[in-house]
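Everything below concerns the one structure shown next.
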Amino acid sequence: MVLESKIPEGPLAEKWSKHKFSLKLVNPANKRKYDIIVVGTGLAGASAAASLAELGYNVKAFTFHDSPRRAHSIAAQGGINAAKNYQNDGDSVYRLFYDTIKGGDYRAREANVHRLAEVSVNIIDQCVAQGVPFAREYGGLLANRSFGGAQVSRTFYARGQTGQQLLLGAYSALSRQVATGKVKMYTRSEMLDLVMVDGKARGIVTRNLVTGQIESHSAHAVLLCTGGYGNVFYLSTNAMYCNVTAAWRAHKKGALFANPCFTQIHPTCIPVSGDYQSKLTLMSESLRNDGRVWVPLKVGDKRKPEDIPEAERDYFLERKYPAFGNLVPRDVASRNAKYVCDEGRGVGSTGLAVYMDFADAIKRDSLKVIEARYGNLFEMYEKITGENPYNTPMKIYPAVHYTMGGLWVDYNLMTTIPGLYALGEANFSDHGANRLGASALMQGLADGYFVIPYTIGDYLAQMPYEKVSNDRAEFKDAEAKVKETINKILSIKGTRTVDELHRELGLLIWDYCGMSRTKEGLTSAREKVRALRNEFWTNVKVVGTNEEFNQTLEKALRLIDFIELGELMILDALDRNESCGGHFREEFQTPDGEALRNDQEYAYVAAWEYEQNMHAVLHKEQLKFENVTPSTRSYK
Amino acid sequence: MNLNLHIWRQPNGQSAGRMVEYNVKDISEEMSFLEMLDVLNEDLLRKGEDPVAFDHDCREGICGTCSLVINGRPHGPYTTTTCQLHMRSFKDGETVYIEPWRAKAFPLVKDLVVNRSAFDRIIQSGGYVSVNTGSARDANETPIGKEIADEAMNSATCIGCGACVAACKNASAMLFVSAKISQLAMLPQGKPERKRRAEAMVAQMDAEGFGACTNTGACAAECPKSISMSNIAMMNREYTSAKLTSDAV
């Protein structure tokens with residue numbers, strides 16, 4: 001298989017404009033003849049569904065939530081980047097492009113990233129026009145702040161609830177189209193398979209989560225906007241329902257899965273408190289603007305943080321990275337927190353935490369200013385931990401937060417299956433091996449508002465208007481297979497609960513394919529994950545029936561895909577004999593412990609083809625850097 | 001700690017429901033309320049019994065999915081979402097009653113899960129600014145005073161959980177609806193459609209079967225995002241002035 005990235009020719013800054021002109025158009029009167037399925041209604045899905053419906057296409061939008069407004073995009077706190085240069089501090093489209101490529105540790109496509117930076121400015125305009133109440137200065141203009149990995153202030157925000165406000169903006173645009181009848185909304189409806197007709201994506205099979213009804217839906221194209229796979233780790237900052245099932249089922253139908261081992265560990269989360277823990281809560285990275293990260297200088301120092309004098313504290317990020325200090329990229333901040341905890345200098349009851357201290361910021365800017373900046377985050381922290389961060393430093397620890405890997409897509413966001421697109425976190429395309437803060441919201445909305453409305457026309461213009469009926473054998477076969485899988489799971493009646501098995505998977509992946517990886521560990525983990533898959537198919541316990549609201553069955557159907565994906569992550573991490581971004585192989589580091597990238601041999605996108613029993617086949621897309629020269633990231 | 005739970009069980013909207021008693025043991029006070037229910041459900045599963053269905057997702061207080069009435073109060077004893085309630089708020093040996101949102105406009109799905117799509121239909125009736133993708137002008141060409149932006153943000157923080165409806169003796173959705181009407185009426189972007197919006201959203205709210213507002217303030221008292229009653233006053237002004245100068249929706 002040859003991976004055609006379809007990156008347009010020409011100078012970097014002109015590629016997207018030229019490409020938009022060269023794409024085929026669908027006549028306005030003909031758009032109503034095409035149906036498009038959008039799976040997922042987060043930032044990418046809601047913005048795509050609304051924008052495509054505005055153009056005149058018939059959209060069917062699916063979410064497993066009770067309402068499109070619940071998608072996990074809503075939980076993004078910090079902000080959204082855009083190269084507006086409103087602050088006159090030297091920002092530009094090219095700088096945002098450069099920062100993103102560099103932040104991604106040179107494992108993303110130049111052309112995609114430049115397009116992302118270009119449309120970033122339109123996103124802010126669009127959101128403001130929708131009534132998104134971004135933070136403003138007294139003069140009435142938009143406020144910005146800086147964010148990890150950047151030296152300019154280009155992040156737009158709405159208190160600590162930027163994701164919520166952007167999602168509600170996209171949701172309102174979607175709701176408007178539902179009212180016009182151009183979008184048909186299916187809630188509590190989960191995609192369980194992709195249906196192909198003559199080699200093209202032509203529909204999906206869904207399960208109605210309330211009645212258990214297995215249904216199929218046909219269309220001319222299918223968009224997967226189904227988010228990331230961070231819940232493979234069981235504990236992550238993702239919402240409980242986030243899953244890889246839609247993407248994985250598409251993968252099993254032939255869509256290649258790219259860079260699965262590129263997962264992002266977020267440095268500032270509330271530490272784990274016990275075995276019952278169901279999820280981890282992120283504290284926005286924006287806190288690193290004012291919070292100073294430290295641990296005691298001495299191993300085993302159990303004094304209260306306020307009793308440890310300045311001279312006996314180690315502000316390890318400021319010490320090791322004087323230029324960026326507490327604002328180093330996420331992977332660097334996370335790994336260093338792990339190191340100081342491994343040295344025995346971690347704090348809190350588990351020793352798996354570091355302090356983030358606001359005392360100096362409060363002294364410098366006043367309590368009032370800090371409260372205005374982070375009030376709701378501090379409140380959230382206090383609710384969860386029972387500690388007041390105005391008086392005592394926060395305790396934080398890294399947790400899985402985002403997955404850069406995802407379905408392989410070309411420049412048009414099409415996967416290797418014709419007619420199947422992947423948008424937002426579900427694709428692999430823009431963040432390389434590491435995502436910069438405030439760039440996930442940007443990418444989700446860029447794909448949905450400003451990329452897919454152009455690129456999908458090029459495909460549809462070559463498609464006949466004829467609809468395919470979901471009575472066809474392809475649909476009936478897919479439905480039968482889904483029912484067979486469900487019946488099989490229900491008939492096992494074993495002894496292990498779904499959550500138990502999921503926790504076990506999560507620990508395996510966290511220990512062996514988390515912040516730091518080794519060949520030996522990965523090899524042993526692969527066997528363990530395979531054994532776990534076997535355990536699932538022979539010993540899982542799911543009660544009840546399919547024909548009811550059955551949350552245990554929902555979880556079981558998601559878990560089996562996570563188990564298979566976990567193995568693919570391990571394969572990918574084993575293949576990549578280098579350290580870059582979120583992927584840190586202990587065998588490949590510099591003498592002072594920094595990541596050692598290998599551009600000679602590994603400047604490629606690893607795209608995996610599904611084969612029976614997880615004997616995945618690797619395809620490589622070589623990355624070309626024509627505008628930036630890959631350099632070693634240095635934040636010192 | 002050990003707790004005595006009384007939980008509403010109802011297989012679906014068509015069957016009758018009842019309170020069922022459960023005891024949970026060795027609950028840590030660091031657990032969240034939903035993690036305590038996870039423990040109960042794991043026990044039930046091991047015994048081969050049907051776990052208690054409840055809605056939840058982000059577990060960080062922002063998605064608005066979780067929805068439990070705990071000891072008679074939506075989201076429990078504090079103004080927070082259920083997922084942000086921790087067991088340190090309860091005493092060892094306490095009896096806790098757990099019920100679903102109860103409102104005609106929120107039909108029951110199973111146990112503690114209800115259908116809140118009425119809220120979506122209210123937003124679909126007018127809770128938006130009509131602006132197509134790509135037609136926006138530069139964001140800074142519309143200056144908005146900080147005070148107004150902050151006020152609009154206060155209204156916009158509504159998470160659509162429905163606690164206001166569950167708290168109200170009339171099952172009124174006025175707080176939810178008014179928060180969206182106020183947010184958009186305050187901002188210059190929302191002004192062209194403010195009359196049509198107020199009329200349409202109020203009409204849809206009534207059509208969904210939500211009750212009237214009698215100003216008891218139970219909604220605002222229970223709102224996990226502190227949406228203020230002043231939104232309702234603003235909605236009433238918007239609605240009245242729209243009706244008086246009607247565009248006749």
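Naming: A, B, ... by sequence-line order, numbering from 1 per chain. Note that the structure is predicted; figures quoted are calculated from it, not measured.
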Using a cut-off of under 4.5 Å on heavy-atom pairs, state which of [options] scores highest against chain B.
options: A:F156, A:Y171, A:Y449; value: A:Y171
options: A:L141, A:T237, A:L174; value: A:L141
options: A:V498, A:T385, A:V542, A:T187; value: A:T385
options: A:K541, A:Q177, A:E548; value: A:K541
options: A:A71, A:P453, A:S67; value: A:S67

With a 4.5 angstrom heavy-atom cut-off, which part of [X] approaches chain A: side chain, backbone, both or neither?
X: B:D38; answer: side chain
X: B:E49; answer: backbone
X: B:R121; answer: neither
X: B:R88; answer: side chain
X: B:L34; answer: neither
X: B:E60; answer: both

Which answer fits [X], side chain, backbone, both or neither, if we ask what part of it has an atom under 4.5 Å from a heavy atom of chain B?
X: A:Q165; value: side chain
X: A:L168; value: side chain
X: A:D66; value: both
X: A:R496; value: neither
X: A:F450; value: side chain
X: A:Q130; value: both
X: A:K84; value: side chain
X: A:E379; value: neither

Distance only, no hydrogens: is a donor on one side chain within 3.5 Å (strictly under) of an acceptor on the other, for [X] and [Y]?
X: A:R159; Y: B:N154; answer: yes
X: B:N231; Y: B:S182; answer: yes
X: B:R9; Y: B:Y22; answer: yes

Report task. Take the angle between the ring planes of B:F119 and B:F176 and call it parallel below 30°, perpendicular above 60°, tilted in between. Result -> parallel

Query raised in the report: Should the pair B:F33 and B:F90 be assigned to parallel (<30°), tilted (30 to 60°) or perpendicular (>60°) ring geometry?
Result: tilted

Requested in this report: Of all the heavy-atom pairs spanning A:S284 and A:G78, show the shortest one and how long it is.
Outcome: OG-CA, 3.5 Å

Query raised in the report: Does A:Y138 have B:K146 sitting over its ring (NZ/CZ under 6.0 Å from centre, angle to axis within 45°)?
Result: yes

